[in-house]
2 protein chains.
Amino acid sequence: MSKPPARIRLADAAFALFDERGYEQTTVDDIAERAGVGRTTFFRHYRSKEAVIFPDHDRLLELIRDRLATSSHRTALVAVSDAVRLVLLHYIEEGDLARRRYALTSKVSALRDREIASVARYQRLFREFIADWMGDPTTSASLRAELMAASVVAAHNHVLRRWLRGESADPVTELDEAMGEVLALFPAPGARPDGTDGGTTVVAFRTGQDLDALLPSLRRLVEGDPGR
Amino acid sequence: MSKPPARIRLADAAFALFDERGYEQTTVDDIAERAGVGRTTFFRHYRSKEAVIFPDHDRLLELIRDRLATSSHRTALVAVSDAVRLVLLHYIEEGDLARRRYALTSKVSALRDREIASVARYQRLFREFIADWMGDPTTSASLRAELMAASVVAAHNHVLRRWLRGESADPVTELDEAMGEVLALFPAPGARPDGTDGGTTVVAFRTGQDLDALLPSLRRLVEGDPGR
DNA sequence: CTGTAATACGGTACTCAGTACCGTTGGGTG
DNA sequence: CACCCAACGGTACTGAGTACCGTATTACAG
C-alpha cells in the first residue's frame, strides 16, 4: 500500500483543505505541505491554484474539437448537440468529484468565473464550427450560428446543473430531450435544388396515441418521401 | 488648465501603457508613476489592475436590475430584450474607449475571461427574471428560461461585436432586428382559456432534419404535456 | 483667525501566487 | 561503473493586492 502519485495526493489535499478552510483561506503552501511535497512540485503538476480544481478542461476541449472535425452529421446543430454530450459524460464520469467542484464554484466567485470562461471556450468552438459549416458570411447567418451555439451550451448547462444538484437521475436522457428542444427552435433551412420548397411535412397527432406505434410511418414521411 | 482628477489620469495612463507595452508587461507601479500618483492611490480608485479597464460593470448591472424590476411588458422576453438594450447603449456611449477595450480583450485572455464573466452575470440576471416571471418551476420551463436568456445575450453580443469591429453603422437597429429573431424563436405560449383545445398537436417538420434528434421533444409534446 | 474634522493621498511593510533557476536524488540502461 | 533522465526540493525573485500609518489640503464651525 504505497503512496499514490504526487498529482493525486495534491488534488486530494487541495479539495480537503478547500472544504475545511475555504478556497481563499488555503495557500498553495498548505496544499503542498499536506500532500507531503514541495511547493515547486505543486506548480509542476498544476499551472495554478485554480487548475487543481479544473484539471482537464483543455484536454476535453481538444476532444470536442476532434469530435467535431470527424463528425458526419446532416446538420451542424446535430453535430454540436452530439459533441456537447462528451462534456456531460465527462462530468458524469467524474462523479462525486464533479459535485465537490460544483459546491466550490458555487461559493467562490473566482472559481465560478473560471468555470464560465471554460464554458465560453466550448461555446466559441461551437459557434465557429456552425458558422464554418453554414459557409454563409451573412450577418443573419452569423447571428444564427451564435444563437445555436448559445442554446446548445445553455441546454447542456441546464441539464448538467440539475445533475450536479442531484435533481436528475438520468441526465443523458434529459440532455437528449433538451437538445430536442433546441433542435426544434432552429428548423433546418430545407434548401431544395428544384425550388419547389416542399420540405414541410405536417403531422397531426391525437393525444393519447402511442408515439412508438406511429414512429415507422413518421419515419417514412420524413425520410422516405420528402415533400408530401 | 489644472490636472484632471487622479481617477481619469490613472485610466488614461493605463490604456496608454497597455497599448505601448501590452497588458502583462505593464505593472501597477508603471501606471501610477505615469499618472503621477502613488501606488496606493491606484488601488483606492480601482479594485484591481483589471478593473481599470472595466470600471462600471457593477453599476450597469444594477441599472439593468432596476430596469427589470420596474418593467411592465407583456412577456418576460420582451422585458429582457428591452433591458439588454441598456448594455449596448452604454458601450456606444463609451465610444472609442469601448473599442480600445475590445482590442485589449481580444489579445489578453485574462481580460477576455473577465469580460465573459461579467456578461454571464447579465445572463444569470435575465435567466432568474424570466424564471420568476414564468413562475413555473417545471424542468422544461426552467430550460426555456435558460434558453431565452442565453439567446438574448448571444444576440446582444453578436451586434455589439459587430459594432466594436466597426462593421455596423446602426447597432441599435441591428439589435432590434436581432431581438426580433430571438422573439420569433420563442413564440408566446398562446394559452387557451376557453378549453376548445381538441387535443390535436400539429408539428411542422423540415426535411433534412434528423428525426432521431427530434424524437425526445416529440415524445414530450405528445406524452408529457397533452393539450398544449 | 483658530481648532477640528473629513477627505485624499503617499509610504512602508506584509501575504501570496506564480516564475526562474539550480542542485539533488533515484532509478534504469549502456 | 558511468551515464542519463525524470521527478523533486529549495531559494530567490516579481508583481498583485491588503493593512496600516502619517500627512497635506480643504472646509467649516466657533
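Chain letters run A, B, ... following the sequence lines, proteins first, then strands; residues in each count from 1. All of these numbers come straight from a predicted model, not from anything done at the bench.
Each end of the helix from dC1(C)-dG30(D) to dG30(C)-dC1(D) gets its own rotation axis from five pairs of C1' atoms, and the angle between them is 10° to the nearest 10 degrees.
Ser168(A) pairs by the side chain to side chain donor-acceptor pair (under 3.5 Å) definition with Glu174(A), not counting sequence neighbours. Among residues two or more places apart in sequence or in another chain, the salt bridge (Lys or Arg N to Asp or Glu O under 4.0 Å) test is passed with Glu50(B) by Arg114(B). Annotation: ring-ring contact (aromatic ring centres under 6.0 Å, His included) contacts of Tyr23(A) (sequence neighbours excluded): Phe18(A). Residues that satisfy the salt bridge (Lys or Arg N to Asp or Glu O under 4.0 Å) test with Asp132(B), not counting sequence neighbours, are absent from this structure.
In this entry the distance linking OH of Tyr46(B) with P of dT18(D) reads 16 Å, nearest Å. Taking atom NZ of residue Lys49(B) and atom P of nucleotide dA16(D), one finds them 5 Å apart after rounding to whole Å. With rounding to whole Å, Phe42(A) atom CZ is found 13 Å from dG9(D) atom P.
Interface limits on DNA chain C: the 5'-most and 3'-most nucleotides within less than 4.0 Å of chain A heavy atoms are dC16(C) to dT19(C).
Where Arg39(B) and Ala6(B) meet DNA chain C, the nucleotide closest to each residue was compared, and Ala6(B) sits on the side nearer the 5' end.
Applying the side chain to side chain donor-acceptor pair (under 3.5 Å) test to residues at least two apart or on different chains, the pairs with a partner in residues 30-39 of chain B are Glu20(B)-Arg34(B), Arg21(B)-Asp30(B), Thr27(B)-Asp30(B). Annotation: side chain to side chain donor-acceptor pair (under 3.5 Å) contacts involving residues 68-79 of chain B, sequence neighbours excluded, are absent. Within the structure, ring-ring contact (aromatic ring centres under 6.0 Å, His included) contacts touching residues 100-123 of chain B (residues at least two apart or in different chains) are His57(B)-Tyr122(B).
Residues from residues 103-115 of chain A with heavy atoms under 4.0 angstrom of DNA chain D: there are none. Against DNA chain C, the stretch residues 14-38 of chain B makes heavy-atom approaches under 4.0 Å through Gly36(B), Val37(B), Gly38(B).
Taking a cutoff of 4.0 Å between a charged side-chain nitrogen and a carboxylate oxygen, Arg65(A) and Glu62(A) qualify as a salt bridge. A salt bridge links Asp113(A) with Arg121(B); the closest basic N to acidic carboxylate O contact falls under 4.0 Å. For Arg144(B) and Asp136(B), the salt-bridge test fails: no basic side-chain N is under 4.0 Å from an acidic carboxylate O.
On a pure distance criterion of 3.5 Å, a polar donor-acceptor pair joins the side chain of Arg44(A) and the base of dG9(D).
Among the heavy atoms of the strands lying under 4.0 Å from Thr40(A) is at least one base atom, whether or not backbone atoms are also near.
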Tabulate below the donor-acceptor pairs under 3.5 Å that side-chain atoms of residues 146-156 of chain B make, not counting sequence neighbours, or state none.
unit_1: Glu146(B); atom_1: OE1; unit_2: Arg161(A); atom_2: NH2; d: 2.9
unit_1: Glu146(B); atom_1: OE2; unit_2: Arg161(A); atom_2: NH2; d: 2.6
unit_1: Ser151(B); atom_1: OG; unit_2: Leu147(B); atom_2: O; d: 2.8

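By the neighbour-count criterion of 12 heavy atoms within 6.0 Å, atom CZ of Arg165(B) is densely surrounded, having more than that number from other residues, nucleotides or ligands.
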